[in-house]
Novice: 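First the structure, which I've put down as structure tokens, then a few questions once you've had a look.
Values below: every heavy atom of this structure, side chains too, minus hydrogens, waters and symmetry copies. All chains are named by letter (A, B, ...) in the order of the sequence lines, taking the proteins before the strands, and each is independently numbered beginning at 1.
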Amino acid sequence: MMSEPTDTVSSGAGAMVQEGLNAAQQAAVTHGDGPLLVIAGAGTGKTTVIAHRIAHLINSKRARPEQVLALTFTEKAAAEMERRVDLLVPYGFTDTWISTFHAFGDRILREHALVLGLSPDFRVLTEAEQAIFLQEHLFDLPLDYFRPLGNPMKHVRALLQLFSRAKDEDISPRGYAAFAEQLEQQTLAAPDDDVLAERARREVEIAWIYRRYQELMAREGKLDFGDLMTKTLTLLREHPLVLQRMQERFRYVLVDEFQDTNYAQLQIVKLLAATHRNVTVVGDDDQSIFKFRGASISNILNFREEFPESHTVVLVENYRSTPAILDAAYRLIQHNNPDRLEYREGVDKRLRPQNAEGPVVESVAFQTYQEEADWVAGKIEELVEAKACPPGDIAILVRRNSDADPFLRALNMKGIPWSFSGAKGLYDREEIRLVVSFLRLLADPQDSLSLFHLAGSEIYGMPGVDLTLCNAYARRKHRSLYEVLLDVTKRPGSVPELSALSPEGIATATALLGDLDRYLRKATLEPTGRVLYEFLMERPGYGKRLVRSTSPRDHQRVGNLAAFFGLVQRFGEVAPQDRVAGFVPYLTMLIEAGEDPPIAEGEEAGDAVQVLTLHKAKGLEFEAVFLAGLVEKRFPSVDRKDAIPLPDELIKDHLPSGDFHLQEERRLFYVGVTRARRHLFLTRARDYGTKREWKRSRFVAEALALPKEHEEHPWRAAPDAAIARAAPPPEGEAALPAQPDAPLNLSHYKIDDYLTCPLKYKYVHILRVPVLRDQAVAYGAALHRAVQAYNNRRLQGLTMSSQELIDAFEAHWVNEGFISREHEEARLREGRDALAQFHAFAEGGEPPTFVEKKFRFQIGQDTVTGFLDRVDERDGEVAIIDYKSSMVRDQKEAGKEARESQQLALYALAYRESVSRLPDRVELHFLTPGGVVVGRALKAEKELDRATDRIRAAATGIRAGLFQATPSPWVCGFCAFRTICPATAWTGEREG
DNA sequence: CGCTCCACCATTTTT
DNA sequence: TGGTGGAGCG
């Protein structure tokens with residue numbers, strides 16, 4: 001072991017690089033050996049200090065460039081650091097390691113891959129790729145609870161997130177298993193504790209999955225981002241020689257944003273510095289805002305315990321903000337005491353303003369969020385016109401990406417350029433969806449949904465009437481749209497029903513099929529990228545048109561298409577053979593796995609108002625900052641746990657007191673406030689488009705020392721806003737001609753679809769756009785048919801054996817939409833089990849009175865029709881029964897579903913309409929492999945009235961031709977039309 | 001004061 | 001579709 005160098009550098013050394021530094025900064029820069037904690041408040045020159053310190057170590061010959069290791073979190077921060085150091089060191093320092101933690105891990109793991117038994121060209125998977133990996137191995141994994149057959153992918157992302165969190169905390173599969181076993185032991189001691197037993201079962205399952213996941217990944221030479229940290233740690237721990245070489249090599253270790261490090265990263269730093277102890281960490285506990293991704297604030301709070309001999313430098317001279325802004329920040333953050341370094345360690349962290357006093361911090365409230373946004377946009381206009389600051393030096397900071405929308409609209413109205421960092425959603429751009437539909441068609445010409453989309457798109461522009469006619473015909477005849485278009489174009493007159501097609505429509509279809517034919521041939525021979533390129537640039541030349549356009553909007557579309565080409569290229573790099581037929585399923589999996597690449601930057605991003613989330617604003621500064629949407633429940637937000645939380649017992653970051661979540665939100669607010677140099681506005685509204693009245697965020701009061709807000713008059717919706725909301729859509733494809741007198745034929749599904757989303761109704765019931773049936777629907781249908789057959793037999797006084805029942809189920813089985821053969825088989829087994837259970841259950845009961853009873857009744861001029869699965873009339877009691885193939889936890893939940901079922905309410909109404917008597921009860925029979933679970937409920941006049949209202953509402957809308965989409969994340973997430981739906985597509989600008 | 005039901009509203013981000 | 005928190009009831 002080499003001996004530790006002693007601190008022999010005189011105080012004058014390195015004076016060259018210290019010009020312009022204050023005393024504290026100088027102390028940090030010129031600190032000799034041993035651990036150093038730099039507590040750097042916002043705007044106190046944190047990056048300057050690290051850069052100068054690195055330069056100082058090199059220039060003073062304390063260390064050679066290659067002996068310095070500086071670790072950051074983001075590529076951006078690493079690049080900035082490198083640039084700054086470059087300016088300070090007179091000669092090249094290419095050997096200095098300035099990189100992110102992950103890049104560091106990646107590099108040394110590749111260097112030492114063989115020691116660890118890794119392939120040196122291991123591949124690091126993105127999140128979406130991880131999900132695909134798990135999907136492919138889903139049935140190689142020991143899953144039960146976490147792989148519901150109705151939706152096997154349900155927990156995949158949550159599991160991956162959990163594994164990632166486990167790696168943050170340096171928990172190996174073995175460590176997880178030990179924890180799960182311990183829980184199991186506890187259940188032995190408390191056999192009556194059902195909750196504990198359930199928990200133990202799940203944790204054991206997770207531990208198994210975690211272990212298998214790691215094994216499978218290793219076998220295929222794949223790592224995830226978390227592995228870059230944990231495997232590095234393993235390398236350092238289990239290979240003393242490697243560790244020793246590292247310690248000798250990196251004589252000085254510096255860590256930026258130390259409050260963001262997770263437990264595993266701290267362990268790496270500790271190991272690297274274990275012998276020489278030359279570790280400098282720079283951070284600010286008050287700016288720790290990444291707990292959700294593993295940041296362990298105790299790393300910085302407890303640094304002095306880990307390194308008792310450490311020196312501490314506190315940077316408090318703030319060169320950024322006015323005194324008023326710093327006052328507000330300080331008042332606010334003190335509410336996090338006592339869980340702050342300042343309080344715990346007794347240091348004074350209060351920022352000392354170096355700037356002159358500026359305008360006061362303004363807090364403004366509005367009635368509606370539109371007014372709030374308009375005011376912000378107006379104020380920005382003022383600032384820009386008064387030359388107080390250019391647009392690019394102004395920021396609107398929001399808590400969530402979705403809060404940005406009204407502000408972007410308001411900025412649009414005033415023609416102020418903006419750049420929104422949350423602009424994800426490449427796949428939702430219309431130009432991307434079009435090329436995706438094109439590729440899908442090449443992979444499967446029978447994909448009528450894609451053909452429908454492409455034919456009606458701006459590329460081909462087939463007249464809507466023609467397209468609808470062809471589509472409806474195809475549906476009626478159970479043929480694909482492709483086949484129908486072939487007939488219509490190749491054999492004119494062969495389809496008498498379609499003789500009304502316009503010549504224009506036929507010409508368009510001919511062109512489209514011609515192109516398809518050409519590209520279908522190419523697609524088998526040439527790589528994906530080339531086929532796509534020709535489609536865009538040659539025939540029909542959609543891309544060429546965009547490239548030649550002068551509109552900035554089209555330029556952005558071109559940028560998006562270029563980004564998409566990048567994805568195609570990445571596929572080409574990994575695919576054994578790069579063809580469209582392989583690319584399409586890969587892309588489908590990527591999209592389903594939730595990959596969501598950002599869209600191309602707009603033109604004027606250079607000098608545009610920056611709209612950002614607070615998290616993204618960290619490390620930035622602006623002349624003027626608007627903190628918007630400052631109301632309780634938004635900011636501070638409500639605490640939401642991870643889908644599968646990492647057990648508390650396994651988390652190392654433990655703090656003595658306080659409301660963790662609230663403290664973190666407060667730090668986020670603190671980060672926001674301290675971004676501002678001169679102008680700071682705190683805005684909010686009382687109405688954010690929901691029923692409730694939103695209250696002022698407590699943080700506003702804390703920052704400005706305001707008294708408790710007294711309640712003014714209760715809020716009322718501005719009448720014009722209410723009218724605007726209720727008004728029909730101005731125009732566009734969502735509206736069809738109103739047919740005021742047409743009687744409608746409705747069903748439960750039609751009503752439900754319309755009320756879920758009118759545009760969905762239009763797709764399903766008017767345009768009849770074909771979609772692939774979900775496997776859950778196919779499963780349910782087969783189950784229903786079998787039960788129906790059984791009930792019919794019983795009705796006739798006959799019997800049906802369990803085996804016959806299962807045979808009927810298998811006869812109706814359709815292999816559709818399963819993610820693998822194993823999935824299909826498991827699902828078949830589940831169905832057989834459910835039916836065996838049903839058989840036992842039903843054999844013990846009386847036969848039904850009616851099976852598949854048809855009903856029909858009138859509401860106004862409209863007819864409602866449908867079938868009742870089963871009706872039992874016995875001893876003067878009437879029960880309406882509906883069978884469900886979905887899962888249900890217990891009787892209680894089944895009862896709840898029955899109570900809330902709109903379908904059963906409609907059925908009860910139908911029954912009363914036909915026999916003038918209410919059914920005594922309605923029942924849902926859930927057919928689960930564990931047994932039949934029955935939920936019972938009453939449907940009284942109140943529920944029937946509600947059902948009638950729903951029928952009327954749907955009928956009115958349909959009659960009026962109103963088919964405007966009502967998009968919302970959770971409805972669209974299940975909708976089969978989301979890939980072609982214009983309501984979720986971005987065609988370009990946002991409109992007001 | 002505690003429980004249950006019902007209405008309401010659906011993060012944050014890096015590698 | 002699911003968790004949360006407020007309101008209302010016992």
Novice: Considering only side-chain heavy atoms of A:K641, which listed nucleotide, B:dT15, C:dT4, C:dG5, is closest?
Specialist: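 So the side chain of A:K641 is nearest to C:dT4.
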
Novice: Side chain of A:T100, heavy atoms from C-beta onward: which of B:dT13, B:dT15, B:dC6 has the nearest atom to it?
Specialist: B:dT15

Novice: Across the strands shown, which category fits A:E75 at heavy-atom distances under 4.0 angstrom: base, sugar-phosphate, nothing?
Specialist: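 Touches sugar-phosphate only.
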
Novice: Counting the atoms with a prime plus P, OP1 and OP2 as sugar-phosphate, which does A:R400 contact under 4.0 Å by heavy atoms, base, sugar-phosphate, or nothing?
Specialist: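 The answer is sugar-phosphate, as A:R400 gets under 4.0 Å only of primed atoms, P, OP1 or OP2.
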
Novice: Tell me which of A:V638 and A:K154 sits closer to the 5' end of DNA chain C, going by the nucleotide each one is nearest to.
Specialist: A:K154

Novice: Expressed as a whole number of angstroms, how long is the span from A:R634:CZ to B:dA10:C1'?
Specialist: 11 Å

Novice: Between A:T613 and B:dT13, does any side-chain N or O lie under 4.0 Å from OP1 or OP2?
Specialist: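 Answer is yes, contact under 4.0 Å.
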
Novice: I need the CD-P distance between A:E129 and B:dT14, as an integer number of Å.
Specialist: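 My rounded result for the distance is 18 Å.
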
Novice: Which whole-number value in Å describes the distance from A:F163 CZ to B:dT15 C1'?
Specialist: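 My rounded result for the distance is 19 Å.
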
Novice: May I have the distance from A:E665 (atom CD) to B:dT11 (atom C1'), rounded to whole angstrom?
Specialist: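 So the CD-C1' distance, A:E665 to B:dT11, works out to 8 Å.
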
Novice: Between A:E893 and A:K633, just flag the one whose closest nucleotide in DNA chain C comes earlier from the 5' side.
Specialist: A:E893

Novice: Measure from the side chain of A:R640, starting at C-beta and using heavy atoms only, and say which of B:dT13, B:dA10, B:dT15 lies closest.
Specialist: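 So the side chain of A:R640 is nearest to B:dA10.
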
Novice: Mind checking A:E127 for me? I need base, sugar-phosphate or nothing, with any heavy atom below 4.0 Å counting as a touch.
Specialist: base

Novice: Check the phosphate of B:dT11 against A:N401, side-chain N and O only, distance under 4.0 Å to OP1 or OP2. Yes or no?
Specialist: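 For B:dT11, neither OP1 nor OP2 has a side-chain N or O of A:N401 closer than 4.0 Å.
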
Novice: State yes or no: are the ring centers of A:H615 and A:F290 separated by less than 6.0 Å?
Specialist: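 Judged by ring-centre distance (under 6.0 Å), A:H615 and A:F290 do meet the cut-off.
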
Novice: In whole Å, what is the span from the OH atom of A:Y688 to the P atom of B:dT11?
Specialist: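 My rounded result for the distance is 16 Å.
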
Novice: Using whole Å, what does the distance between atom C1' of nucleotide B:dT12 and atom CG of A:L662 come to?
Specialist: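 Atom CG in A:L662 sits about 16 Å away from atom C1' in B:dT12.
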
Novice: Do A:R399 and B:dT12 have a side chain to base donor-acceptor pair shorter than 3.5 Å?
Specialist: yes

Novice: Regarding A:D106, tell me which of base, sugar-phosphate or nothing describes its non-hydrogen contacts under 4.0 Å with the strands shown.
Specialist: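 The answer is nothing, as A:D106 stays clear of every strand by at least 4.0 Å.
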
Novice: Give the intermediate values and the outcome of salt bridge (charged side-chain N to carboxylate O under 4.0 Å, His left out) for residues A:R110 and A:D121.
Specialist: CA-CA 7 Å; A:R110 282 184 209 278; A:D121 53 342; over 6 Å; no

Novice: State plainly whether the residues A:R83 and A:E80 are in salt-bridge range, i.e. N to O under 4.0 Å.
Specialist: yes

Novice: To the nearest Å, give me how far apart OH (A:Y369) and C1' (B:dC9) are.
Specialist: 15 Å

Novice: Side chain of A:H102, heavy atoms from C-beta onward: which of B:dT15, B:dC6, B:dT12 has the nearest atom to it?
Specialist: B:dT15

Novice: Step through it carefully: locate the ring centre of A:H661, locate the ring centre of A:F292, and say whether they are under 6.0 Å apart.
Specialist: no

Novice: Return the orientation label for the A:F635 and A:F669 ring planes: parallel under 30°, perpendicular over 60°, tilted otherwise.
Specialist: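 Ring orientation, 0 to 90° scale: tilted.
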
Novice: Among A:L924, A:D882, A:V922, exactly one meets side chain to side chain contact (heavy atoms under 4.5 Å, CB included) together with A:Q903. Which residue is that?
Specialist: A:D882

Novice: Looking at every strand, decide which applies to A:T74 at a 4.0 Å heavy-atom threshold: base, sugar-phosphate, or nothing.
Specialist: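 Since only primed, P, OP1 and OP2 atoms lie under 4.0 Å of A:T74, the category is sugar-phosphate.
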
Novice: To the nearest angstrom, how far is A:N262 atom CG from B:dT15 atom P?
Specialist: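 Value for this atom pair: 14 Å.
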
Novice: Write down the distance separating the P atoms in C:dG5 and B:dT11, rounded off to the nearest Å.
Specialist: 15 Å

Novice: Is the aromatic ring of A:F292 within stacking range of B:dT12, meaning centres under 5.5 angstrom and planes under 30 degrees?
Specialist: yes

Novice: What contact category does A:K618 fall into here, base, sugar-phosphate, or nothing, at under 4.0 angstrom with non-hydrogen atoms?
Specialist: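 Nothing: the residue A:K618, judged by heavy atoms under 4.0 Å, touches no strand.
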
